[in-house]
Amino acid sequence: MNYQKLVCWGDSQTFGARTYGCYPMHLVRILNEETRYTWITNNLSENGLTARDLWFRIAREVPNLADFYSACLLIG
């Protein structure tokens with residue numbers, strides 16, 4: 001088991017639509033620098049996603065995720 005796998009859900013801010021990189025990319029860089037582990041992120045963010053959309057999407061996607069033990073949810 002790899003406990004350093006992180007799945008991220010969110011809207012365009014998390015996806016990185018208006019920046020030079022997405023939040024999960026920066027998060028994994030910081031975690032790799034500040035801990036002794038090697039982290040992996042899976043960015044499942046989507047532009048235009050609303051909190052309601054995300055609620056239903058997570059219910060569909062969580063059962064299909066294997067070997068993920070941490071999640072980050074960012075929606076605005």
Side-chain angles (χ1 to χ4, degrees):
M1 279 191 254
N2 182 356
Y3 291 103
Q4 288 74 41
K5 288 175 73 177
L6 178 66
V7 62
C8 297
W9 283 283
D11 56 11
S12 59
Q13 298 287 351
T14 308
F15 183 78
R18 297 181 208 121
T19 63
Y20 293 105
C22 59
Y23 177 82
M25 180 184 71
H26 294 295
L27 178 61
V28 78
R29 180 184 49 81
I30 292 167
L31 287 170
N32 285 333
E33 289 172 1
E34 299 295 327
T35 67
R36 60 188 175 112
Y37 302 107
T38 301
W39 289 80
I40 300 168
T41 57
N42 189 0
N43 187 358
L44 299 178
S45 303
E46 182 180 328
N47 293 336
L49 204 63
T50 65
R52 182 181 185 277
D53 296 336
L54 188 56
W55 172 263
F56 291 109
R57 187 170 165 202
I58 287 175
R60 285 192 318 268
E61 292 179 356
V62 165
N64 299 323
L65 291 174
D67 202 28
F68 280 88
Y69 297 94
S70 298
C72 182
L73 176 66
L74 299 163
I75 194 92

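Side chains are part of it too, since the values below use all heavy atoms of this structure and drop only hydrogens, waters and symmetry mates. The shown structure was predicted, so the numbers you read here are calculated from the model rather than taken from an experiment. Sequential numbering from 1 along the given sequence is applied to the chain's residues.
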Taking every non-hydrogen atom, the tightest pair across [X] and [Y]:
X   : Y   : result
V7  : L44 : CG2-CD1, 3.5 Å
Y3  : W39 : O-CZ3, 4.2 Å
Y37 : Q4  : CB-CG, 3.4 Å

Would you mind reporting whether [Y] and [X] have side-chain heavy atoms less than 4.5 Å apart?
X   : Y   : result
L54 : T50 : no
D67 : K5  : yes
L6  : F68 : no
L49 : R57 : yes
C72 : Y23 : yes

Straight-line distance of [X] [atom1] to [Y] [atom2], nearest 0.5 Å:
X   : Y   : atom1 : atom2 : answer
I40 : L31 : CD1   : CG    : 12.0 Å
I30 : T35 : CD1   : OG1   : 11.0 Å
R52 : I75 : CZ    : CD1   : 13.0 Å
N43 : T14 : CG    : OG1   : 7.5 Å
Q13 : C22 : CD    : SG    : 12.0 Å

* Path from L73 to V62 over hydrophobic side-chain contacts below 4.5 Å ->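 Yes, because L73 and V62 connect within a single hydrophobic cluster, where side-chain heavy atoms sit under 4.5 Å apart.
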* Connected via hydrophobic side-chain network under 4.5 Å: L74 and V28 ->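 Yes, one cluster joins them.
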* Is it the case that E61 and W9 place a side-chain donor and acceptor less than 3.5 Å from each other? ->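 A pair is found: one side chain offers a donor N or O, the other an acceptor, under 3.5 Å apart.
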